[in-house]
Amino acid sequence: MSAIENLIFEISDWRVDVLARTLIKAETSHQVSAKVMAVLVHLARHHDRLVTRQELIDEVWDGNTFVGEKSLNNAIWRLRQVLGDHSDEPVYIKTTSKAGYQLVPVPNIIAPDEPGTEKPAASLNRLFRPAIIGLLASGVAVLLIAALKKESPSLPTGDTAAKKLTRLPGRELDPAPSPDGSKFAFQYLDVGGHSSIYIQSLESPEQPAVRVTQGDSYYNSPAWAPDSRHLAFLISSQTEDCEILLQDMESGDPIAIGTCSHIGYSTLSWSPDGKWLVYKGSEPGVRPGLYLKAMGEDYRPVPSVKDRRISCVDCPFSDEEVSWSADSQSLAVTRIKNRTSNIYQYWLNEDRFERLTSGQTVIKGHTWSKNGQHLLYAAYSNPGDRRMWVLDLETKHTRMIGYPNSGFPTYLPDYRSILFYQRLIDPYIAALEIDKTEITQFPIPVIQTSAADSNPVYSGAANKLAYSSNLSGYQEIWIADTDGSNQQQITHLNSVADNPYWCSDGKKIAYIAFDADTETNSISIYDLAAAKATTLTTGFSNHGPPTWSRDDKSLLVPIGYGSDTELWRITLDGSRHIRIAGNGANFGRESADGRFIYFSREGSPYLYRTPTGGGSEELVIDDLTVIGGEVVGNWDLSGPDELIYSRRGSGEFDELVRFHIPSREREVLLTYPRRTISPTGMLSYSSSGQTLYFTHLEQAQIDISIAPDPLAPRSGTP
């Protein structure tokens, strides 16, 4: 067993378990994130000298200064919080202003093969270096990787096989290899949120990627024609029309060849035989769906053939990502129903769908094996733990093959390698102290574990936070004190529970419980005194995030999907349903004085309110942050006539804004790097402590990697 799997060291009276990311002292145990542990390991490795801030950023954040500067501050703060250390009189971590840090105690290494014995300091470099590499490669799921290695030694985990191809500061998405295998196109979202199409050489990957689109429009979903010369892609936004563009990469500018839908996930894929281009489109009075556009030998649309819709018209599915079989006879399609995803196979000649997967809530991309017997896809076994999986199309059996935090795999034309993206986004719960005149401090971590912790909601009556976390291995509902202590898991579904919300007296929590097998979800209510959950009977199968009415006698619940979502008031016994708003109303809160219900809409930057007793809608604000068509809880009421929300700022920054409704005055409370505060997570305000709780993204970075075919026989494997 390697050093990373067993490495334990001691600093003074603390015992540090690298694999478990745990610091232990007597009966006290604290878990920290991968980045925080990597910082501590690097300081321990070089305890005999000052470690500069830039060195830590280079080692732990891959040189990304934009993200690393603030993240390093948070990591040092978290270590001092756990260790009980103070910067003015340091016992564990000494700070040299504007220079760096040094670990004060000399660490003692516990030998991997001899528990309880110490290793001399000379062993530090040999042991700590693989520890850092292992931590940063494994991401959020190092424990799961270790378990897989133990239980299935023959299964590749992909942790060391992948090689990063892109290193731009931002997010590289939708890798699309050219049919000749010489290059790949991808969508690049920079830290300012601008979207472009780039092309990267596979023959000389050390060469920088080349931008092929210009201007400030939103470009995405590149798809190559079989000649590797014509590239199709989309130009779209959440509020404007979407067009399909086609560009001859050798001779011309892009031309428009059709329209598409800007609602939901953007889809574009060219069949291997060049005869079809599949895209997501829409027609008046019909929900968006997948269409086939006939393409001629000149790689232009055939004008005499009408685009063919393959998605059902009157059904509860939303069809999203697609991938073609090598023979161009079948499509794999991700279908979303009631906020759960499954892969379906569509046969072109038979115009027929068949469900292939079950039991996974979010699927992000798939690709066919050469012989058409397997699908390789990325999915959450639970949110926050996205891996790559293999589906046997004959037996319908699935197995996990590793590659943490991955998405949108696609085979290269020789089927010997795959491209995919890897996310470096570590969500945790943070707080910001606010008074009426200024921000008193920068956001600080409150709950930061080795898992994905998100969607915090504060209860003034209980003086606690409720939030969702996959620390147990499943996405469950947890509660904790406002300083992050006394963390307690309250649901044990071994499935997915999310979007908790306190009633006003702090005695109950409503949340969504998902059933991926039946593709449904329900609203459950947990009674803390009885330690028991009950299911609210609504008569619906697709619910959005619930909130309580101020008298605790009913819930405000979004019902439906996308632009069809409606906000309803549902009594606790489920006997009475009152429609509050439609047209995509996807989240609502009742004001503290009970006069108004405020709500947001799918794909819209607007926030509205309507009188609680009924009446016309009133526009309140028009600049909520909208990401991917989604706006849910990135706003909260901070007083009877005041709210706090996030919005797009200028350049590479977003803003946290306080808005006074009667005067229509806006006050910018904080300017921060884009996506630092999750644009689709919950904001929750504590009026008593004048503190805002939110989901913080440790890194908003996505890179494209290449790895050997996970299905290929490995050396030494029969």
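FYI, the numbering just counts along the sequence from 1. Since the structure is predicted, the reported quantities are computational estimates derived from the model, not experimental observations.
With sequence neighbours excluded, the residues that form a side-chain contact (heavy atoms from CB on, under 4.5 Å) with Ser12 are Tyr92, Pro105. Taking the salt bridge (charged side-chain N to carboxylate O under 4.0 Å, His left out) definition, one finds that Arg211 meets it with nothing, sequence neighbours left out. Applying the side-chain contact (heavy atoms from CB on, under 4.5 Å) test to Ala378 and every residue at least two apart in sequence or in another chain returns Arg386, Ser406, Pro409. The salt bridge (charged side-chain N to carboxylate O under 4.0 Å, His left out) check on Asp481 picks up Lys464, with sequence neighbours excluded. Applying the side-chain hydrogen bond (donor to acceptor under 3.5 Å, both in side chains) test to Tyr511 and every residue at least two apart in sequence or in another chain returns nothing.
Nearest heavy-atom pair, Asp636 versus Tyr685, reported as atom, atom and distance to 0.1 Å: OD2-N, 2.8 Å. Of all heavy-atom pairs between Leu669 and Arg658, the closest is CD2-NH2, 3.3 Å. The shortest non-hydrogen separation linking Thr695 to Pro456 is OG1-CD, 3.6 Å. The nearest pair of heavy atoms linking Trp389 to Ile401 is N-CG1, 4.3 Å. Taking both residues in full, the closest heavy atoms of Ala430 and His696 are given as CB-CB, 3.8 Å, listed atom of the first, atom of the second, then distance. When all heavy atoms of Phe420 and Ala162 are compared, the closest pair comes out as CZ-CB, 3.9 Å.
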Inset, instruction - Go through the steps to decide whether Ser195 and Gln187 satisfy the test side-chain hydrogen bond (donor to acceptor under 3.5 Å, both in side chains), and finish with yes or no. - result: CA-CA 7 Å; Ser195 176; Gln187 177 194 7; 2.9 Å; yes

Inset, instruction - Applying side-chain hydrogen bond (donor to acceptor under 3.5 Å, both in side chains), run through Ser468 and Gln475 and close with a yes or a no. - result: CA-CA 6 Å; Ser468 59; Gln475 191 80 2; 3.3 Å; yes

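Among residues at least two apart or in separate chains, there is no salt bridge (Lys or Arg N to Asp or Glu O under 4.0 Å) pair with a member in residues 74-86.
Between Phe186 and Phe184, the distance from one ring center to the other falls under 6.0 angstrom.
Checking Tyr421 against Asp174 by side-chain atom types alone, no donor-acceptor pair falls below 3.5 Å. Inspection of the Ser705 and Gln422 side chains reveals an N or O donor paired with an N or O acceptor under 3.5 Å. There is no side-chain donor-acceptor pair under 3.5 Å between Asn108 and Arg15. Using modelled atom types and a 3.5 Å distance limit, the side chains of Ser469 and Asp453 yield a donor-acceptor pair. For the 3.5 Å distance criterion, the side chains of Thr625 and Asn634 fail to qualify, holding no donor opposite an acceptor.
Side chain of Gln489 to main chain of Thr491: a donor-acceptor pair is present (N/O by atom type, distance under 3.5 Å, no hydrogens or angles). For the pair Glu59 (side chain) and His42 (backbone), a donor-acceptor distance under 3.5 Å is absent. Looking at Trp502, its side chain does come within 3.5 Å of a backbone N or O of Val457 through a donor-acceptor pair.
For the side-chain contact (heavy atoms from CB on, under 4.5 Å) test with Ile447, the passing option among Leu471, Ile429, Asp483, Thr482 is Ile429; the others fail.
Ion pairing between a basic and an acidic side chain is recognised when a charged N comes within 4.0 Å of a carboxylate O; Glu55 and Arg49 show such pairing.
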